[in-house]
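Working notes, beginning with the structure itself.
Residue numbers count from 1 along this sequence.
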Amino acid sequence: MMKFSNACLLRIAITSSVVLSVLGHARLVDPEGPKRMINPCSGECAVDGVDPYNVNWFTTGTAPGCKATVGGGFCEELLEPTLKSIDQLSNPKFYFDGDCDGPVAARHYKNNTKVCAKDMEYRQNEVDKGNISASIYAGNPWFVPGTAPLRAGPGDGFYLVTHGEGGIVNRDRPPKNMDPPAGTLGSTVLSWEVNMLMQNAQGDSVAAYPTVWTSGEIVEGSYAINANHGGGHQYRLCPLDNLINNTLDETCFQATVMEFASDKSLFIVTSDDGTTTVNITFDAMDINDDNTDGVMPKGSTWRKLGIPPCKNISQNNDGSFSGNCTEPQFTDHAPPGYYGYGAFGNSPDLEAVLYHWKVVDELKVPEGLNGDYVVSWRWDSEQTPQVWTQCAIVTIVDPENMLGDGDSDDNDNNSDKCKSLDDIVCDGKDFILFCDASKAAKLDSSFDKETWTFFIPNDDAFEKAGETLEPLSNDTVNNILMFHAIPGKILNSDDLKCGEKIEMFNGDSSRTKCINSAMYQNGAGNTQLMSSPQIIQTDIKFCNGVAHVVDGVMFPKFG
């Protein structure tokens, strides 16, 4: 098991005793995570057709200012809420007549229903007046956004459960032989998935992250919730290298928060064939240092979940729920008519589209990023002491690091402005290593003599392949460089056909691979250790040919 201290997708954990102790989960929809993250049980944990362990990656028993624990409970250093107004809450209404006849009195008032009712009525009245610190949920993560700690690994909680000595895992004991095992760090699963999806020796698979973003551009992130505990969320980034070297943690994610690009969110419903059937734009509720007493990280923005919970559903002694979902907790900053808990009761409109909806946020990719990144979606719950996290991997391309000026139309073969490949590559600040290698191999002068198509690895690609390239002879390195060139042909991106082989300058063949909208150029030597290079920039014209940028080094067959 990896040692990540506070990594994305933490664990299936032991639930603490709270007012609402229910199986709750949500997931990042876009960008999409690896399959094993989305469905950790591989369909074998289904109960009555429902997979209760799907996407259950979370820390529970956590509170702002306290150490995350398996058994739950709060500490003396619990932070005061930094949220200021009742409209920042998802569950402003938490007490209903008769609640103290149920688990609330048993758990928190030693079964004294009168004391329970008096205290709960007082707390509800205070919250109604705007004193949100009086909420029974005030110790949960959302009240101090981003501050609740995450727990590394399962501790001894899961061991005790599996040996009949401990509590239950979010109300239900997980099945044996779960894949991956309950308690496994999500970052461990992410690393496993990335490795398994790397190019195998037969060239039948592709790299694990087909999503490509451009730094500075506006992209979409989205989420879906199956048990609505309220609160809010944030999208963050950490370099993929941190996953590989075991340093993927909250500190890294908090250093690069993706800001929301607009003050709107979208509620989207799609049919089984992918057709959009509902598309509602609504005002989002953003939470930051300007309208609170502080969020973590400082200067960042969180966003309140866009789906209101039900206002009139309460929990019974046996853990079940009663009441009808006839009214939302709030109506502002939400799509009209769509509200509910997900698994426990919903408005008619939401019930009709269960498991087919998502909330979409527009996000700005930070400027200056270039390379592969882990995207973390963090949800701080309001109603439970839980922090939920999901991750995916994306490639981010910085326009400043593109080959040439990024506009292939400016380099016309019939124009006086046309440049040689040597000029274009050696003028690019992210292609120094290819420039140096081609000059050392004395290949640059021959590139001017006929038409060519080139696949140019950027500097990050060479650095990732450094341990493989360093011990090789000069002749072998030259052979690899020639494996990136196609003589006598100009193949624009439209000419590259998925699955087709192309004979390269050294006599070996590479194959074009496609997945969704991503395209890769693979050599027989791109095995599990060297994944298929993804084509991240296309159609850079030079005087006698065209070049495409790849994010990895293409390797011919070794031996």
> Under 4.5 Å between any side-chain heavy atoms of Val257 and Pro297, yes or no?
Replying inline: yes
> Does Arg378 reach the main-chain N or O of Thr389 with its side chain, forming a donor-acceptor pair under 3.5 Å?
Replying inline: no
> Can you tell if the side chain of Asn458 reaches within under 4.5 Å of the side chain of Gln537, non-hydrogen atoms only?
Replying inline: no
> Can you tell me how far the CD1 atom of Ile132 sits from the CG atom of Leu89, to the nearest 0.5 Å?
Replying inline: 5.0 Å
> Taking Trp377 for the side chain and Ala392 for the main chain, is one N or O donor matched with an acceptor at less than 3.5 Å?
Replying inline: no
> What's the shortest heavy-atom distance between Ile218 and Ala261, and which atoms?
Replying inline: CD1-CB, 3.5 Å
> Can you name the side-chain contact (heavy atoms from CB on, under 4.5 Å) partners of Asp290, sequence neighbours left out?
Replying inline: Asn288
> Are the side chains of Asn370 and Ser215 in touch, meaning some heavy atoms are under 4.5 Å apart?
Replying inline: no
> How long is the gap from CD1 on Ile136 to CE on Met120, to the nearest 0.5 Å?
Replying inline: 4.0 Å
> Taking atom CD of Glu126 as the centre, does the number of heavy atoms from other residues, nucleotides or ligands within less than 6.0 Å exceed 12?
Replying inline: yes
>> Looking at every non-hydrogen atom in both residues, tell me the closest pair between Thr59 and Pro149 and how far apart they are.
In response: CG2-O, 4.0 Å
> Is a side-chain donor or acceptor of Asn242 paired with a backbone partner of Cys252 at a separation under 3.5 angstrom?
Replying inline: no
> Does the side chain of Ile307 reach to within under 4.5 Å of the side chain of Pro335, using non-hydrogen atoms?
Replying inline: yes
> Which pairs count as ring-ring contact (aromatic ring centres under 6.0 Å, His included) when at least one residue sits in residues 276-299, sequence neighbours excluded?
Replying inline: none
> What are the two closest non-hydrogen atoms of Asn91 and Glu382, and how far apart are they?
Replying inline: N-OE2, 2.8 Å
> Among side-chain atoms of Ser300 and Gln234, is any donor-acceptor pair under 3.5 angstrom?
Replying inline: yes
> Cut-off 3.5 Å, side chains only: do Asn324 and Thr326 have a donor facing an acceptor?
Replying inline: no
> Within a strict 4.5 Å, meaning less than it, do heavy atoms of the Lys304 and His333 side chains meet?
Replying inline: no
> Under 3.5 Å, is there a donor-acceptor pair linking the side chains of Asp286 and Thr301?
Replying inline: no
> Would you say the side-chain atoms of Gln88 pair up with the backbone N or O of Leu83, donor to acceptor, closer than 3.5 Å?
Replying inline: no
>> Between His356 and Ser271 (side chain of the first, backbone of the second, donor and acceptor by atom type, cut-off under 3.5 Å), is there such a pair?
In response: no
>> Counting neighbours of NZ on Lys84 that are heavy atoms of other residues, nucleotides or ligands and sit closer than 6.0 Å, is the number greater than 12?
In response: yes
>> Within this structure, what is the CG-CD1 distance for the pair Asp551 and Ile536, rounded to the nearest 0.5 Å?
In response: 5.0 Å
>> How close do Ala227 and Trp379 get, counting heavy atoms only, and between which atoms?
In response: O-CH2, 3.4 Å
> So how far is it from Asp372 CG to Gln534 CD, rounded to the nearest 0.5 Å?
Replying inline: 8.0 Å
>> So which atom in Val353 and which in Trp357 form the shortest heavy-atom distance, rounded to 0.1 Å?
In response: O-CD1, 3.6 Å
> Between the side chains of Glu121 and Asn125, is a donor N or O closer than 3.5 angstrom to an acceptor N or O?
Replying inline: no
>> How long is the straight-line distance from SG of Cys325 back to CG of Asn312, given to the nearest 0.5 Å?
In response: 6.5 Å
Throw together a table of side-chain donor-acceptor distances under 3.5 angstrom for residues 358-367, partners on residues two or more places apart or in other chains.
unit_1 : atom_1 : unit_2 : atom_2 : d
Lys358 : NZ     : Asp30  : OD2    : 2.8
Asp361 : OD1    : Ser265 : OG     : 2.7
Asp361 : OD1    : Arg303 : NH1    : 3.0
Asp361 : OD2    : His233 : NE2    : 2.8
Asp361 : OD2    : Tyr235 : OH     : 3.3
Glu362 : OE1    : Ser262 : OG     : 3.4

>> Show every disulfide (SG to SG under 2.5 Å) that has at least one partner inside residues 254-295, sequence neighbours left out.
In response: none
> How would you list, by chain and number, every residue that makes a side-chain contact (heavy atoms from CB on, under 4.5 Å) with Asp241, sequence neighbours excluded?
Replying inline: Ile244
> What's the spacing between Lys118 NZ and Cys100 SG if we round to 0.5 Å?
Replying inline: 13.0 Å
> Which side-chain hydrogen bond (donor to acceptor under 3.5 Å, both in side chains) pairs, counting each pair once, include a residue from residues 342-354, with sequence neighbours left out?
Replying inline: Asn346-Glu351
> Which pair of heavy atoms, one from Pro81 and one from Val144, lies closest together, and at what distance?
Replying inline: CA-CG2, 3.9 Å
> Considering only heavy atoms from C-beta outward, does the side chain of Ile280 approach that of Pro336 to under 4.5 Å?
Replying inline: yes
>> So, applying side-chain contact (heavy atoms from CB on, under 4.5 Å) with Cys391, which one of Leu248, Val374, Leu28, Leu243 is it?
In response: Val374
>> Side chains of Asn291 and Ser85, heavy atoms from C-beta outward: is any pair under 4.5 Å?
In response: no
